[in-house]
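All heavy atoms count here, side chains included; hydrogens, waters and symmetry mates do not. The model shown is predicted, which means the values in this text are computed figures rather than measured ones. Residues take their numbers from the sequence shown, with the count starting at 1.
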Amino acid sequence: MFNTFLLVHPDHVPGENKMPVAVGPYGQAQPNCFDRIKMGFMMGFAVGMAAGAMFGTFSCLRIGMRGRELMGGVGKTMMQSGGTFGTFMAIGMGIRC
């Protein structure tokens with residue numbers, strides 16, 4: 001039986017199983033602390049918006065909202081939960097810096 005795992009590149013060094021890292025002309029800089037906090041806020045805001053859409057839709061439909069009132073209520077809930085979760089994620093990323 002022919003084993004394809006035995007076929008290796010001629011330049012392969014045994015024991016070296018690492019992928020090469022693409023590096024730009026000036027190296028690859030890590031994001032600074034402020035960029036990490038911004039990214040944490042954006043990720044948290046996106047997750048909070050999604051959760052707010054689900055919970056806001058359910059709660060607004062449950063109390064009988066329809067039409068324009070429903071859209072306003074869901075939007076308000078999405079913004080509130082997105083802002084809250086984004087703030088906590090930003091604080092968490094700030095602690096990690």
(message) Test question: given the 4.5 Å side-chain rule for I, L, V, M, F, W and Y, name all other residues clustered with I37, or answer none.
(response) none

(message) Test question: given the 4.5 Å side-chain rule for I, L, V, M, F, W and Y, name all other residues clustered with M71, or answer none.
(response) none

(request) Hey, could you give me each pair passing ring-ring contact (aromatic ring centres under 6.0 Å, His included) that has a residue in residues 43-78? Not counting sequence neighbours. (result)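 Sorted pair list: F41-F45.
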
Hey, can you pull the donor-acceptor pairs under 3.5 Å for the side chains in residues 74-97, sequence neighbours left out?
from: T77; atom 1: OG1; to: G73; atom 2: O; distance (Å): 2.9
from: S81; atom 1: OG; to: G48; atom 2: O; distance (Å): 2.7
from: S81; atom 1: OG; to: G52; atom 2: N; distance (Å): 3.4
from: S81; atom 1: OG; to: T77; atom 2: O; distance (Å): 3.0
from: S81; atom 1: OG; to: M78; atom 2: O; distance (Å): 3.3
from: T84; atom 1: OG1; to: Q80; atom 2: O; distance (Å): 2.8
from: T87; atom 1: OG1; to: G83; atom 2: O; distance (Å): 2.7

(message) Among residues at least two apart in sequence or on other chains, which ones pass side chain to side chain contact (heavy atoms under 4.5 Å, CB included) with M39?
(response) M42, M43

(request) Could you note down all residue pairs passing salt bridge (charged side-chain N to carboxylate O under 4.0 Å, His left out) where residues 33-43 supplies at least one of them, sequence neighbours left out? (result) D35-K38

(message) Strictly by disulfide (SG to SG under 2.5 Å), give each pair with a member in residues 50-84 just once, sequence neighbours left out.
(response)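 Those involving residues 50-84 do not exist here.
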
